[in-house]
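Both backbone and side-chain heavy atoms feed into the values below; hydrogens, waters and symmetry mates do not. Fair warning: this is a prediction, and the values are worked out from it, not measured in the lab. Position 1 is the first residue of the sequence; numbering continues from there.
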Amino acid sequence: IINLSNINNSFKEVLTGLIATQQRSRILYVTATDYQAQNTARHLQKILGEQVLYCPVEPIHDYFADVHSQEINHQRLVVFEQLLSHQPLVVVMGAETLLKKQLPREKFQGLAFSLAVEENWDPVSLTNRLFELGYEPVSQVEARGQYAHRAGIIDVFSPTGQAGSRSEFFGDMTASV
């Protein structure tokens, strides 16, 4: 643990960049606020590139609003997904984010799954699992966190993906992904 609280802000970022390149390990950089975390992550990304991840504070939903953006949930899931890899990372978050209770790593890993050609999957069970994981059932997939099921085809747009994917089934056998 290194406390950088008494160091000039720009020097903190340079020092963190030096530590990250020399140690090749994971670094958790905690700021006082989420706003500071966002700015720090942006500056660190200029030094370290994609090795830096910003974990935003969990959104507070206005339940009277008609539309809720999934972008913050996407950002958070990308961070959690990257933490499952064993790559050196710098994760930047505000103190409020750090103090929020999160899903245990083992449970998060247990929820993740993938499909491969010639695997046995019951399409109905798969759509039920997607629904239980919080995916939104739609007639046509257009955004992250959605899925569509028509006959032997299931389209899914992962919350951390850049594009949707299509799986075709022949009975319970995955014919193509």
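- In this structure, the side chain of Asp155 does not engage the main chain of Val141 through any donor-acceptor pair within 3.5 Å.
- Asp34 has its side chain out of reach of Glu96: every pair of non-hydrogen atoms, C-beta onward, lies at least 4.5 Å apart.
- The closest side-chain heavy-atom distance from Phe131 to Tyr147 is below 4.5 Å.
- Both Val90 and Phe11 belong to a common hydrophobic cluster when Ile, Leu, Val, Met, Phe, Trp and Tyr are linked at side-chain heavy-atom distances under 4.5 angstrom.
- Contact of the Leu28 side chain with the Leu98 side chain is registered, since non-hydrogen atoms from C-beta on lie closer than 4.5 Å.
- Using modelled atom types, no side-chain atom of Arg76 and backbone atom of Val57 make a donor-acceptor pair closer than 3.5 Å.
- Between the CD1 atom of Ile27 and the CG atom of Leu53 there is a distance of 12.0 Å, given to the nearest 0.5 Å.
- Nearest heavy-atom pair across Cys55 and Val91 is CB-CG1, 4.3 Å.
- Shortest non-hydrogen contact noted between Val138 and Ala148 is O-CB, 3.2 Å.
- To the nearest 0.5 Å, the span separating OG1 on Thr40 from OH on Tyr29 amounts to 4.5 Å.
- Put simply, CD1 on Ile154 and CD on Glu168 are 11.0 Å apart, with the number rounded to the nearest 0.5 Å.
- Here the OH atom belonging to Tyr54 is positioned 10.0 Å from the CE atom belonging to Met93, to the nearest 0.5 angstrom.
- Note that CZ of Arg42 and CD of Glu13 are 10.5 Å apart. Values are rounded to the nearest 0.5 Å.
- Within the 3.5 Å criterion, the main-chain N or O of Gln45 finds no donor-acceptor partner in the side chain of His43.
- Shortest non-hydrogen contact noted between Arg144 and Phe157 is CG-CE2, 3.4 Å.
- Contact check for Pro56 versus Gln38: no side-chain heavy atoms found under the 4.5 Å cut-off.
- Between atom CZ of residue Phe169 and atom CG of residue Asp122 there is a gap of 9.0 Å, rounded to the nearest 0.5 Å.
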